[in-house]
Amino acid sequence: MRWFNRAKLLWGYLRRAERVNALPVEYIVETTAKCNLYCPMCPRETHKQPKEDMADAVFERLVQGASKTGEHMMLIGLGEPLMDPKIFERIEYCERHHISTLLSTNGTLLDQEAAEKLLDSPLAHITLSFDGASKETFEHYRKGARFEKVRDNFVRFARMKRQRGAKVQIVAQMVRMPGNAHEVEEFRRFWSAVPGIDQVRVKEDETNLVQPESRRASPRPCHYLWRGAMYVKHDGRVFPCCQSYHLDGDPVGDLRDQRLEEIFNSDQMRRLRRMHAEGRAADIDMCARCSTAIPHPLLVAGSLALHGKWVRRALPVVEGMVYGSKLPKKLLTASRELVQIRKG
């Protein structure tokens with residue numbers, strides 16, 4: 001069923017169809033809007049969030065609706081996932097419906113107990129967010145966190161994974177910004193040497209919050225509108241992608257009273273697809289302001305030829321080869337340079 005769903009998505013994307021008789025392969029799911037840090041590059045600093053978790057009914061409706069087509073759920077958003085008291089249950093729930101899961105954490109709550117629970121779970125992928133190589137820089141971008149505590153939590157988790165022989169993919173990630181760009185090489189050196197870390201990634205800031213906002217008009221339709229990932233807020237509202245919410249786009253549906261099939265082919269989604277297909281993405285404010293790289297149709301086709309969990313591992317490698325000049329840069333259209341470093 002999943003391969004057939006991917007085939008229909010690909011056919012819809014290649015035809016630039018407004019209506020797609022399929023469902024996304026990926027979802028970004030904000031299971032909690034709560035966070036314990038202040039980070040100047042995070043959209044929650046311009047879009048204030050309530051201290052609320054996603055209701056079970058919303059989460060279960062999403063997972064059940066995607067159970068035959070969904071391949072990967074990123075249980076992240078504008079909250080810290082480990083502040084969700086049901087996060088481990090949600091990982092298990094996705095697994096029971098044959099959907100793999102990803103987390104991204106700021107590490108403040110990743111103590112030994114939490115580490116053991118994550119390693120005992122069927123979690124497929126985790127991103128360890130660590131935006132600096134020095135105490136001064138890290139604590140500037142992660143206000144409320146202690147450099148030494150988070151670093152030690154991440155190192156212990158990676159080593160525990162290595163000792164257990166756990167299969168979870170661990171990525172140490174730094175978002176490159178004006179204040180930490182000088183620490184990229186030191187970040188790479190340190191985390192590449194930590195046992196259990198599978199990949200070291202330095203990615204470009206895509207929020208426009210700590211540097212001047214740019215406008216662009218990509219000649220390519222955005223693949224998110226056909227493939228996903230769709231962004232599900234904690235309250236059940238659904239957005240076409242994770243960027244659309246903080247760029248003040250409107251929701252395209254609401255899981256509290258709509259099915260996924262209705263949302264994915266709502267009037268709003270069809271209008272967005274039509275405008276992108278007609279080359280009028282620049283007329284959509286949120287799309288014109290978006291900084292996310294748009295892949296070449298060949299890469300999009302490749303991403304629909306594989307199961308989502310393998311795409312999640314492969315795309316950063318392809319991204320790194322493009323920005324490392326090993327593949328043509330035309331494969332990705334981006335508004336800023338992005339650096340991707342793979343552990344060698």
Side-chain angles (χ1 to χ4, degrees), residues 26-29 37 39 41-42 71-77 80-82 87 91 94 100-110 114-115 118-119 121-133 138 141-142 145 150-177 180 183-207 229 242 292-293 295 303 306-324 332 338-344:
E26 291 187 330
Y27 299 85
I28 296 173
V29 188
L37 298 184
C39 304
M41 67 288 193
C42 179
E71 299 179 359
H72 207 92
M73 285 201 178
M74 294 163 269
L75 306 183
I76 56 179
E80 163 54 41
L82 293 181
I87 191 61
I91 295 170
C94 288
S100 61
T101 49
L102 172 149
L103 291 186
S104 178
T105 178
N106 64 34
T108 55
L109 303 177
L110 191 58
L118 282 178
L119 292 172
S121 79
L123 182 70
H125 181 115
I126 186 168
T127 296
L128 309 179
S129 298
F130 201 79
D131 294 315
F138 173 83
Y141 284 116
R142 297 282 175 170
V150 175
R151 180 195 60 197
D152 292 349
N153 283 352
F154 284 166
V155 170
R156 178 180 58 238
F157 179 74
R159 287 178 173 165
M160 287 173 65
K161 174 249 180 162
R162 179 72 172 269
Q163 291 167 357
R164 288 177 171 221
K167 295 181 180 180
V168 61
Q169 179 87 354
I170 300 181
V171 176
Q173 178 173 289
M174 169 180 168
V175 177
R176 186 177 63 172
M177 294 167 283
N180 66 5
E183 295 184 353
V184 165
E185 291 307 314
E186 177 59 21
F187 177 88
R188 175 177 61 177
R189 183 199 64 78
F190 179 85
W191 290 103
S192 293
V194 175
I197 297 291
D198 298 294
Q199 190 176 67
V200 177
R201 187 183 190 194
V202 179
K203 65 170 289 187
E204 190 74 11
D205 172 36
E206 296 179 342
T207 65
C242 61
T292 300
S303 76
L306 300 172
H307 190 283
K309 65 181 178 181
W310 299 114
V311 173
R312 175 58 47 184
R313 295 190 179 205
L315 279 182
V317 177
V318 173
E319 186 182 66
M321 294 178 71
V322 170
Y323 289 103
L332 288 175
L338 181 142
V339 176
Q340 176 78 34
I341 304 167
R342 189 183 183 196
K343 186 173 179 181

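Scope of the values below: all heavy atoms of this structure, side chains included, with no hydrogens, waters or symmetry mates.
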Result for side chain to side chain contact (heavy atoms under 4.5 Å, CB included) between Leu118 and one of Ile87, Val168, Ile91 points to Ile91
Hey, is the main chain of [Y] close enough, under 3.5 Å, to the side chain of [X] for a donor-acceptor pair?
X: Arg176; Y: Glu183; value: no
X: Asp131; Y: Met174; value: no
X: Glu186; Y: Ala133; value: no

Quick one: are [X] and [Y] in side-chain contact, heavy atoms under 4.5 Å?
X: Ser192; Y: Ile197; result: no
X: Tyr27; Y: Met74; result: no
X: Ile76; Y: Ser104; result: yes
X: Thr127; Y: Leu103; result: no

Drop me the distance from [X]'s [atom1] to [Y]'s [atom2], to the nearest 0.5 angstrom.
X: Gln163; Y: Leu119; atom1: CD; atom2: CG; value: 10.0 Å
X: Leu102; Y: Ile126; atom1: CG; atom2: CD1; value: 8.0 Å
X: Met73; Y: Thr101; atom1: CE; atom2: OG1; value: 10.0 Å
X: Asn180; Y: Phe130; atom1: CG; atom2: CZ; value: 11.5 Å
X: Leu128; Y: Phe154; atom1: CG; atom2: CZ; value: 4.5 Å

If you take all heavy atoms of Ser100 and Glu71, which pair is closest and at what distance?
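Result for this residue pair: OG-O, 2.9 Å.
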Heavy-atom nearest pair, Ile28 first then Cys242, reads CD1-CB, 3.6 Å
Looking at residues at least two apart in the chain, or sitting in another chain, which of them share a side chain to side chain donor-acceptor pair (under 3.5 Å) with [X]?
X: Arg159; answer: none
X: Thr105; answer: Glu80
X: Ser121; answer: none

Residue pair His125, Ile170: steps toward the side chain to side chain contact (heavy atoms under 4.5 Å, CB included) verdict:
CA-CA 6 Å; His125 181 115; Ile170 300 181; over 6 Å; no
